[in-house]
A.B. asks: 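Mind looking over this structure? Questions follow.
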Amino acid sequence: MEKLKEIVKSFVSGNDIHVAPLGAGHINDSYKVSVDGKEFVLQKINHTIFKNVPELQNNILRVTSHIRTKLKEKGVTDIERRVLNLIPAENGKYYYRDADGNYWRLMDFIKDSKSFDSISPELAEKTGEAFGEFQNMLADMPGGPLYEIIPDFHNMESRLATFRESVKKNLAGRLPEVQDLVDEIEKRAEEMCLPEKLHREGKLPKRTNHCDTKVNNVLFDSEGKEVLCVVDLDTVMPGYVLSDFGDFMRTGANNGREDDTELDKVSINLSVFEAYTKGYLRTAKGFLTGVEIENLALGAKLLTYMQTVRFLTDYLDGDIYYKIKSPKHNLERSLAQFKLLQSMEENYSRMQETVRNLRTKN
Ligand code: GN1
Ligand code: MG
């Protein structure tokens with residue numbers, strides 16, 4: 001803890017410094033800090049995943065500065081609770097590199113807030129509204145596209161290319177066991193690469209995406225009623241809006257768990273789908289193009305398919321990317337995601353109809 005206090009001092013000066021572990025993130029290590037009574041969050045940035053920390057911090061700085069400008073224009077008064085605030089280090093940079101080569105950042109702690117790990121239609125609607133407003137505020141961010149912090153992160157063509165390499169190499173010798181699933185993936189490959197094709201044809205734009213649109217990345221006030229702000233901005237980068245929409249549906253509109261082995265429990269929750277779409281379109285409709293709206297439901301299938309492919313790739317590679325809790329965990333995850341995909345396929349016309357209906361209402 002003494003070492004951590006020294007790191008804190010490279011950002012802010014003070015006498016009475018306290019540091020305690022915070023939360024249970026899988027990627028970065030977080031601490032709650034208090035300096036002479038003022039509260040902060042200190043994070044050690046995982047630079048194995050986020051290889052270019054200066055660009056990472058610059059992305060976050062651009063996004064938060066632009067949102068702050070927008071909030072001021074709207075006359076919002078409690079701005080410090082509505083957007084993350086990075087604190088510069090004494091060297092003027094928004095990160096600090098310690099003697100061991102670790103990267104650190106400090107931001108203000110948002111008081112009296114909470115996040116949710118489970119979902120209801122009511123919560124889904126508010127979450128949709130929050131992510132829609134997030135994209136809406138960033139739609140006119142100056143300075144060109146953000147740095148692509150994980151290249152081709154949600155690019156299906158490139159995910160399939162990696163997957164096919166893994167099938168070919170069959171490093172862990174698991175191919176025979178999963179051949180049926182490989183075939184199912186290949187059957188859908190063309191449909192799932194449609195967004196990349198539309199983009200090349202100039203019909204589908206890239207915008208600023210959040211790229212981790214889980215419900216627990218939205219902070220609510222302490223009563224859980226009102227949205228305060230969107231957090232976890234590490235993966236903000238250029239992408240298709242259908243990706244952010246789809247990743248919420250993949251994680252939030254599932255009646256089962258991401259790695260459920262009881263596949264009967266895994267299916268699309270259409271009430272959550274509808275509620276999120278309603279909230280999302282309310283705030284995002286103003287800037288979305290027709291093609292973007294028409295492909296939202298495809299985004300739900302696409303992100304679920306992508307995750308089926310990513311988990312299976314890791315299983316074929318011998319479990320090198322995702323942490324696993326049992327030897328077949330990646331296969332179980334992949335099968336559960338595939339089950340969710342099948343359920344979305346069965347309900348696809350209803351999902352599309354929901355989007356179409358809500359597009360004209362609100
Ligand atoms: C990873 O660690 P977490 O849950 O925030 C992954 C996402 C996947 C998700 C699947 C940087 O996110 O893309 O959808 O696992 N993040 C990265 O559970 O690869
Ligand atoms: Mg995350």
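Remember, it's 1-based here, ligands and their atoms both numbered in the order they're listed. Throughout, residue positions are numbered sequentially from 1 according to the sequence presented. Since the model is a prediction, treat every value here as computed from it, not as a measurement.
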A.B. asks: Aromatic ring centroids of Tyr280 and Phe245 under 6.0 Å?
C.D. replies: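 Centroid separation for Tyr280 and Phe245: below 6.0 Å.
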
A.B. asks: Under 4.0 Å between a side-chain nitrogen and a carboxylate oxygen: does that hold for Lys126 and Glu129?
C.D. replies: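 No salt bridge links Lys126 with Glu129.
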
A.B. asks: How about NZ on Lys328, more than 12 heavy atoms from neighbouring residues, nucleotides or ligands closer than 6.0 Å, or not?
C.D. replies: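 Check fails, neighbour count at 12 or below.
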
A.B. asks: Would you say that Leu228 contacts Arg82 through its side chain, given a criterion of any heavy-atom pair below 4.5 Å between the two side chains?
C.D. replies: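 Side-chain contact under 4.5 Å: yes.
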
A.B. asks: Is it the case that Glu90 and Ser10 place a side-chain donor and acceptor less than 3.5 Å from each other?
C.D. replies: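 Side-chain D/A pair, Glu90 to Ser10: absent.
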
A.B. asks: Run the numbers for me: atoms of ligand 1, each under 4.0 Å from some heavy atom of Arg250, listed by number.
C.D. replies: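 The list of qualifying atoms is 10 (C), 14 (O).
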
A.B. asks: Considering the heavy atoms of Tyr321, write down every atom of ligand 1 situated less than 4.0 Å from one of them.
C.D. replies: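 This gives 11 (C), 17 (C), 19 (O) as the contact atoms.
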
A.B. asks: Can you list the atoms of ligand 1 that are under 4.0 Å from a heavy atom of Glu258?
C.D. replies: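 In order of numbering, the contacting atoms are 10 (C), 18 (O).
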
A.B. asks: Show the atoms of ligand 1 that are less than 4.0 angstrom away from any heavy atom in Asp212.
C.D. replies: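 Checking each atom against Asp212, I get 5 (O).
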
A.B. asks: What atoms in ligand 1 come closer than 4.0 Å to a heavy atom of Lys214?
C.D. replies: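 Atoms satisfying the 4.0 Å criterion: 3 (P), 4 (O), 5 (O).
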
A.B. asks: Any atoms of ligand 1 less than 4.0 Å from a non-hydrogen atom of Tyr322? List them with their elements.
C.D. replies: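 The list of qualifying atoms is 15 (O).
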
